[in-house]
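I have placed the structure first, in the form of structure tokens, so that the comments after it can refer back to it.
The sequence lines fix the lettering, A, B, ..., with proteins before strands; numbering per chain opens at 1. From a predicted model like this one, the values you see are computed outputs, not experimental measurements.
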There are 2 protein chains.
Amino acid sequence: MATLQDRALVEQWRGIQTTYFRTAAAIDRALESKFSIGLTEFEILDLIAESADAACRMKQLGERTPMTQSAMSKVVDRLEKAGLISRHSCEDDRRSLFLELTDAGCALHRDAAVEHRALLKENLA
Amino acid sequence: MATLQDRALVEQWRGIQTTYFRTAAAIDRALESKFSIGLTEFEILDLIAESADAACRMKQLGERTPMTQSAMSKVVDRLEKAGLISRHSCEDDRRSLFLELTDAGCALHRDAAVEHRALLKENLA
DNA sequence: TGTCATTCAATGACGCGTCATATAAATTGA
DNA sequence: TCAATTTATATGACGCGTCATTGAATGACA
């Protein structure tokens, strides 16, 4: 039975959903209008920027985000077409790809990150 | 600057995302395989079931979920086609619709809710 | 070394959500 | 009472994510 506990769980879950949707929508709109990229694209840029010095394998990125491998592949496509990152195939294992921010990608990330953090602060507080 | 605070915000946000995606995916798969409905469909059933005695306007539902009006309309479509709910136009205001669970919808909700709560418990603990 | 299994990434078909609009009904106010 | 506005829902075009599959490279091991 445990109906009371169930109610609490459902409330908690709805809270998470609401926070997630509200925040994601706010960031997405802002990034889209100011930088012409979506939240997903930014998140990949952000992950690449974090592993700054080491070049960054797609596989590794996949482990640090809830995104699907397939989704990743398509986001990376878009980012490459937008000139924000470049793909380099790995010498040691030619199945792997290294990703790197282009100068444009680096600059855009720097600016977009400010907006991103500000909106997180506003929505998660 | 506030780089440290920013890191904390980003971590918090990623935690929310991970929890959200992991939980949603788990519930969605389970409901899909056992009851042939998605998480979104279940959530609407759940909301209708909550406003048990009073018939339930779409508008009201919209206020209790982060879903778009458009999304709602389509989910309700699917639920109706699946024979789980019925739409009744309102006499007082013929723009509004009342939603009601069918017997099948009611039974399915009862069973699916057990699964739903169990997975919430498992994932949000 | 040759086969079989495994791993990394890309792709096509498909479903769902979103945006912008449409439709229809109700409300407002001159 | 008749426009103009607002409100409730539906719909079509479109983009993105997912699933299943493919292609290509590597690994395992007899």
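Per the geometry, NE2 belonging to B:H88 stands 14 Å off P belonging to D:dT9, to the nearest Å. Protein atom CD of B:E43 is 14 Å distant from nucleotide atom P of C:dC16, rounded to whole Å. Taking atom CG of residue B:L61 and atom P of nucleotide D:dT9, one finds them 9 Å apart after rounding to whole Å. Rounded to whole Å, the distance from CZ on B:R78 to C1' on D:dT11 is 14 Å. The separation between B:R94 atom CZ and D:dT7 atom C1' is 15 Å, rounded to whole Å. Between the CD atom of A:Q69 and the C1' atom of D:dT22 there is a distance of 12 Å, rounded to whole Å. Atoms CE (B:M72) and C1' (D:dT9) sit 10 Å apart, rounded to a whole Å. Rounded to whole angstrom, the span from the CZ atom of A:R87 across to the C1' atom of C:dA9 amounts to 9 Å.
Here the closest non-hydrogen pair linking B:L108 and B:L84 is CD1-CD2, 4.2 Å.
A 4.5 Å side-chain heavy-atom check between A:K81 and A:R78 finds every atom pair outside the cut-off.
Between A:V75 and A:E91, it is A:V75 whose nearest contact on DNA chain D lies nearer the 5' terminus. Each of A:F21 and A:L97 was matched to the nucleotide of DNA chain C holding its nearest heavy atom; the match closer to the 5' end belongs to A:L97. Nearest-nucleotide assignment on DNA chain D puts the 5′-proximal partner with A:T40, out of A:T40 and A:D92.
Picking from C:dA26, D:dC19, C:dT6 the nucleotide with the shortest atom distance to the side chain of B:R95 gives C:dA26. The side chain of A:D93 lies closest to D:dT26, out of C:dA26, D:dG17, D:dT26. Counting only heavy atoms from C-beta on, B:S70 has its side chain closest to C:dC19 among D:dT9, D:dA20, C:dC19.
B:K74 contributes a side-chain N or O that forms a donor-acceptor pair with the base of D:dG12 under 3.5 Å.
Checked against a 6.0 Å centroid threshold, the rings of A:F35 and A:F42 do not count as neighbours.
In this structure, B:S96 reaches the sugar-phosphate backbone alone: every heavy-atom distance under 4.0 Å involves primed, P, OP1 or OP2 atoms, never a base. B:T68 comes within contact range of the sugar-phosphate backbone alone, with a heavy-atom separation under 4.0 Å but no base atom that close.
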TODO: Check the pair B:D46 / B:H116 against side-chain hydrogen bond (donor to acceptor under 3.5 Å, both in side chains), numbers first and verdict last.
DONE: CA-CA 10 Å; B:D46 211 25; B:H116 182 253; 4.6 Å; no
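Classification of A:R7 and B:E50 as a salt-bridged pair holds, one side-chain N sitting under 4.0 Å from a carboxylate O.
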